[in-house]
S.K.: 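Below you will find the structure I want to go over with you.
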Protein chains: 2
Amino acid sequence: MAETYDVLKLENQLCFPLYACAKEIVRIYRPFLDEIGLTYTQYIAMMVLWEKKQVSVKELGEFLYLDSGTLTPVLKKLEQKGYIKRCRSKEDERVLIVTLTESGEELKKQAVEIPTQMGKCVALDEEEARTLYRLLYKILNA
Amino acid sequence: MAETYDVLKLENQLCFPLYACAKEIVRIYRPFLDEIGLTYTQYIAMMVLWEKKQVSVKELGEFLYLDSGTLTPVLKKLEQKGYIKRCRSKEDERVLIVTLTESGEELKKQAVEIPTQMGKCVALDEEEARTLYRLLYKILNA
DNA sequence: CTTCTATTCATTGTATACAATTAAATTTTG
DNA sequence: CAAAATTTAATTGTATACAATGAATAGAAG
């Protein structure tokens with residue numbers, strides 16, 4: 001017989017496995033990312049730059065679902081490491097343009113092994129992974 | 001034609017929608033949790049206590065996938081609010097026992113509406129939600 | 001042209017997360 | 001039993017996240 005408060009049980013929540021799983025994935029990433037000296041947030045920022053070569057902070061924030069409060073310190077770290085450059089746009093001084101450096105491009109070669117190694121650590125087959133992917137984006141795009 | 005570096009695109013990652021989706025869900029929770037004055041982490045800790053009435057920090061950490069470094073400040077906050085009590089175990093002084101108070105039990109009555117309201121905010125039907133749930137726990141239990 | 005508004009990023013303050021270390025209590029071992 | 005190893009929380013240090021605010025620039029309106 002269902003109790004009134006059963007909805008409040010952790011096991012009946014969808015939010016909780018989502019929250020826990022996201023942390024778990026980042027935890028599995030850690031040893032791989034340690035090898036190239038990046039944190040997870042730095043890594044996903046670099047992923048955008050490896051693809052786009054150049055983006056504004058605003059665009060980067062839209063891709064990553066992060067705001068300048070989070071991105072500013074992350075980008076300053078990546079600049080310190082020499083992987084990116086941060087320059088104000090000539091056309092609009094409000095805009096900060098982030099550009100991939102040679103060194104940042106080099107890092108890509110080391111990072112390319114990571115997704116495959118990560119894939120082996122996740123207990124889903126191809127079909128399940130695609131389904132999960134689709135459902136997550138269905139929530140994200142709503 | 002697939003490029004060598006395509007695996008590094010954000011859109012080809014499973015980890016990223018997981019990470020973004022978890023944050024998105026917490027963001028959707030915020031206005032509901034604001035009404036009862038809890039953060040998301042405080043909320044999931046209370047969910048365990050609403051069910052168990054009493055747990056050690058270690059047990060709580062196992063349920064929530066969190067360590068004492070995260071839980072200690074969260075539990076001190078909940079104690080300040082009067083929803084829990086923190087006492088050392090008589091049998092084993094190393095163990096800290098967290099107990100739900102009357103006030104904490106009262107809070108449950110206000111919280112019980114939240115899961116239903118959240119359900120309406122997530123763009124999945126029953127079947128999809130069950131599938132997502134199953135896949136997430138498959139990863140978590142691996 | 002000038003004031004008002006909007007945009008973009010940085011800063012501030014609060015709250016997680018988690019690795020690594022510390023401290024205290026308990027258990028195991030020789 | 002006494003020393004060593006283990007267990008449990010708390011603490012410390014680093015890195016996110018994000019709301020709210022601030023500061024500078026750009027655009028719109030009169």
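What's counted below: heavy atoms across the whole structure, side chains too, no hydrogens, waters or symmetry copies. In the text below, chain A, chain B and the rest are named by the order of the sequence lines, each starting its count at 1.
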S.K.: Is any side-chain heavy atom of B/Thr99 closer than 4.5 Å to one of B/Cys87?
M.R.: no
S.K.: Looking at B/Tyr65, I'd like to know if the NZ or CZ of A/Lys23 sits under 6.0 Å from its six-membered ring centre while staying within 45 degrees of the ring's axis.
M.R.: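 No cation-pi geometry.
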S.K.: On DNA chain D, does the nearest nucleotide to A/Thr70 precede the nearest nucleotide to B/Arg94 from the 5' side, or the other way round? Give the residue.
M.R.: B/Arg94
S.K.: For B/Arg27 and B/Glu24, what are the C-alpha separation, side-chain angles and deciding distance, and is it a salt bridge (Lys or Arg N to Asp or Glu O under 4.0 Å)?
M.R.: CA-CA 5 Å; B/Arg27 194 185 61 74; B/Glu24 199 61 9; 2.7 Å; yes
S.K.: Please work out if B/Asp67 contacts a base, only the sugar-phosphate, or nothing of the nucleic acid, heavy-atom cut-off 4.0 Å.
M.R.: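 Base contact - B/Asp67 has a heavy atom under 4.0 Å of at least one base atom.
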S.K.: Go through residues 83-90 of chain B and report each residue with a non-hydrogen atom lying under 4.0 Å from DNA chain C, sorted by number.
M.R.: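 The stretch gives none, as no residue of it lies under 4.0 Å from the strand.
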S.K.: With the threshold set at under 4.0 Å for non-hydrogen atoms, list the residues of residues 53-65 of chain B touching DNA chain D in residue-number order.
M.R.: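 Those residues whose heavy atoms fall under 4.0 Å from DNA chain D, taken from residues 53-65 of chain B in numerical order, are B/Ser56, B/Val57, B/Lys58.
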S.K.: Sequence neighbours excluded, which residues qualify as ring-ring contact (aromatic ring centres under 6.0 Å, His included) partners of B/Phe63?
M.R.: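 Per chain and number, B/Phe63 pairs via ring-ring contact (aromatic ring centres under 6.0 Å, His included) with no residue.
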S.K.: Which ones in residues 8-42 of chain A lie close to DNA chain D, meaning a heavy atom under 4.0 Å from one of its atoms?
M.R.: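 Result for residues 8-42 of chain A: A/Thr39, A/Thr41, A/Gln42, sorted by number.
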S.K.: Between P on C/dC9 and CD on A/Glu79, what's the gap in Å once rounded to a whole number?
M.R.: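 So the two atoms are 15 Å apart, to the nearest Å.
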S.K.: By nearest atom, which of the nucleotides C/dA10, D/dC18, C/dA17 is closest to the A/Leu96 side chain?
M.R.: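 So the side chain of A/Leu96 is nearest to C/dA10.
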S.K.: Given atom CG of B/Leu75 and atom C1' of D/dA9, what is their separation to the nearest angstrom?
M.R.: 11 Å
S.K.: A/Leu66 side chain: which of C/dA17, D/dA17, C/dT16 is closest?
M.R.: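 Of the options given, the side chain of A/Leu66 lies nearest D/dA17.
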S.K.: Report the residue (A/Val95 or B/Val74) whose heavy-atom-nearest nucleotide on DNA chain C is the more 5′ of the two.
M.R.: A/Val95
S.K.: Nearest whole angstrom, please: distance from the C1' of D/dA28 to the CG of A/Asp92.
M.R.: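 The answer, rounded to whole Å, is 15 Å.
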S.K.: With a 4.0 Å cut-off, would you call A/Lys76 and A/Glu79 a salt bridge?
M.R.: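 Salt bridge: no.
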S.K.: Would you please name every residue forming a ring-ring contact (aromatic ring centres under 6.0 Å, His included) with A/Tyr43, sequence neighbours left out?
M.R.: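 With neighbours one apart ignored, the set is A/Tyr29.
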S.K.: Answer yes or no: does a side-chain N or O of A/Lys76 lie under 4.0 Å from OP1 or OP2 of D/dT16?
M.R.: no
S.K.: Measure from CD on B/Glu91 to C1' on D/dT7 and round the result to the nearest Å.
M.R.: 16 Å
S.K.: Using the side chain to side chain contact (heavy atoms under 4.5 Å, CB included) definition, which of the options A/Leu18, A/Val122, A/Val26 pairs with B/Leu18?
M.R.: A/Leu18
S.K.: Do A/Lys58 and A/Val95 come within less than 4.5 Å of each other through their side chains, counting heavy atoms only?
M.R.: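 In short, these two side chains do not touch, never coming nearer than 4.5 Å.
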S.K.: Between atom CG in B/Leu71 and atom C1' in D/dT11, what is the gap in whole Å?
M.R.: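 From B/Leu71 CG to D/dT11 C1': 14 Å.
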S.K.: Can you list everything that forms a side-chain contact (heavy atoms from CB on, under 4.5 Å) with B/Gln42? Sequence neighbours excluded, please.
M.R.: B/Leu38, B/Thr39, B/Val74, B/Lys77, B/Leu78, B/Lys81
S.K.: Any side-chain heavy-atom pair from B/Leu33 and B/Tyr40 closer than 4.5 angstrom?
M.R.: yes
S.K.: Between OH of B/Tyr133 and SG of A/Cys15, what distance do you get to the nearest 0.5 Å?
M.R.: 10.5 Å
